[in-house]
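To keep things clear, I will list the structure first and then write my remarks on it.
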Number of protein chains: 2
Amino acid sequence: MIVAREYLQSFGIRPSVQRVAVMHYLLTHRTHPTVDEIYSELVNEIPTLSRTTVYNTLHLLYEHGAILALCIDGVNTHFDGYTSPHAHFRCSQCGKIYDVDLDDVAFVERNTPKNASIVTDAQLYYKGVCAACANKSN
Amino acid sequence: MIVAREYLQSFGIRPSVQRVAVMHYLLTHRTHPTVDEIYSELVNEIPTLSRTTVYNTLHLLYEHGAILALCIDGVNTHFDGYTSPHAHFRCSQCGKIYDVDLDDVAFVERNTPKNASIVTDAQLYYKGVCAACANKSN
DNA sequence: AGTATTTTTGTAATGATTTCAAAAACGAAA
DNA sequence: TTTCGTTTTTGAAATCATTACAAAAATACT
């Protein structure tokens, strides 16, 4: 948790118990969880935790650039504590979201829209069926 | 409308009045509209049109690969009748979604996830503030 | 025409997210 | 450490996009 606390402070975010817990969860779980997945886990260690606080916190972290927000399945927003440039792949069968390495990390930046005055975010995602699910259904 | 009708048939989609109207709208409006924007326009020419039909139709068109579905603002799904490889840029100020050309169209395909058995869709999007909005607020 | 199939429609339900105001926690100053 | 102002958290209620569903309408087939 010490890491999460300092990480938050490096973004100028006050490290409340709830914020540290959310940030810590994202730094230690590379599963791209939803609000509800985060809430359901953390409410065990913080019984008074409110879903709204999780929403508020994720919003705050996102605004400060401390986490990524993935709009990929059209239903839930998924969150990622790993902010280095990479893409995502969502399996429509199992719903898992995988990280995808890029052969040319500068590509996204190089193609920044010409009419953009500020760019705050860029995401590349793939959808399909993962190898694990393809094997199962054979 | 003749173009939309034939376009649908080329995907093996039965060209009902409603489907042709939706497809025609997307082929003639490069604005990445939402379900509601499409519905509100088309209900003028098809007074009995139902929102559910627009949902059904867009779903069908998407499943057949006739249109793109953009999950970019976390609230509404936006649709695009222009399916050639390109990225998108959403201005968080005005909400407009712009098309973005890519300097290397093969990039996305080249970085297809290694653990993907099937890839059905790939999207690259940017978020930020467009030049038009940046000028206004100065 | 008559029947089976597909498509459309409208209403009701679902469920993620936001709103909002009160309560609690925190920080600074004395 | 008390007090006061500010920030944060909380929970209930509201919002709103999307889905479920079953009846009605349109279409295809014989």
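So you know, we letter chains A, B, ... as the sequences are listed, proteins then strands, and number each from 1.
Comparing B:Ile46 and B:Gly74 along DNA chain C, the residue whose closest nucleotide (by nearest heavy atom) sits nearer the 5' end is B:Ile46.
Rounded to whole Å, atom P of D:dT19 lies 12 Å from atom CG of B:Asn76. Rounded to an integer number of Å, the gap from B:Tyr39 OH to D:dT18 P is 15 Å. A:Asp73 has its CG atom 13 Å from the C1' atom of D:dT18, to the nearest Å. Distance, B:His59 NE2 to D:dT19 P: 7 Å, rounded to whole Å.
Remark: the B:Asn111 side chain and the A:Tyr126 side chain contain no N/O donor-acceptor pair separated by less than 3.5 Å.
Axis angle, first five pairs versus last five pairs of the helix from C:dA1-D:dT30 to C:dA30-D:dT1: 30°, rounded to 10°.
Within the 3.5 Å criterion, the main-chain N or O of B:Ala132 finds no donor-acceptor partner in the side chain of B:Asn135. In this structure a side-chain-to-backbone donor-acceptor pair under 3.5 Å is missing from B:Arg51 to B:Tyr39. Judged purely by atom type and a 3.5 angstrom limit, A:His59 has no side-chain atom pairing as donor or acceptor with the backbone of A:Tyr55. Of the possible polar contacts, none joining the B:Glu41 side chain to the B:Ile38 backbone as a donor-acceptor pair under 3.5 Å is found. For A:His32 (side chain) and A:Ile97 (main-chain N/O), a donor-acceptor pair under 3.5 Å exists by modelled atom type. Under the 3.5 Å distance criterion, the side-chain polar atoms of A:His24 are left unmatched by any main-chain donor or acceptor of A:Val20.
Side-chain contact between A:Leu124 and A:Val100 is absent, with no heavy atoms from C-beta onward closer than 4.5 Å. At a threshold of 4.5 Å between non-hydrogen side-chain atoms, the residues A:Phe89 and B:Thr112 do not count as touching. For the pair A:Asn115/B:Tyr98, a side-chain contact is recorded, criterion being any heavy-atom separation below 4.5 Å from C-beta on. Two residues are said to be in side-chain contact when any heavy atoms from C-beta on lie closer than 4.5 Å; B:Thr77 and B:Cys71 fail this criterion.
Across all strands shown, B:Thr34 has no heavy atoms under 4.0 Å from either base or sugar-phosphate atoms.
First and last contacts of DNA chain C with chain B, using any nucleotide atom under 4.0 Å from a protein heavy atom and ordered 5' to 3', fall at C:dT6 to C:dT11.
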Each nucleotide N or O in nucleotides 6-9 of chain D that has a protein N or O under 3.5 Å away: list the pair and distance.
| from | atom 1 | to | atom 2 | distance (Å) |
| --- | --- | --- | --- | --- |
| D:dT7 | O3' | A:Arg14 | NH1 | 3.0 |
| D:dT8 | OP1 | A:Arg19 | NH1 | 3.0 |
| D:dT8 | OP1 | A:Arg19 | NH2 | 3.3 |
| D:dT8 | O5' | A:Arg19 | NH2 | 3.3 |
| D:dT9 | OP1 | A:Ser16 | OG | 2.4 |
| D:dT9 | OP1 | A:Gln18 | OE1 | 3.2 |
| D:dT9 | O3' | A:Gln18 | NE2 | 3.1 |

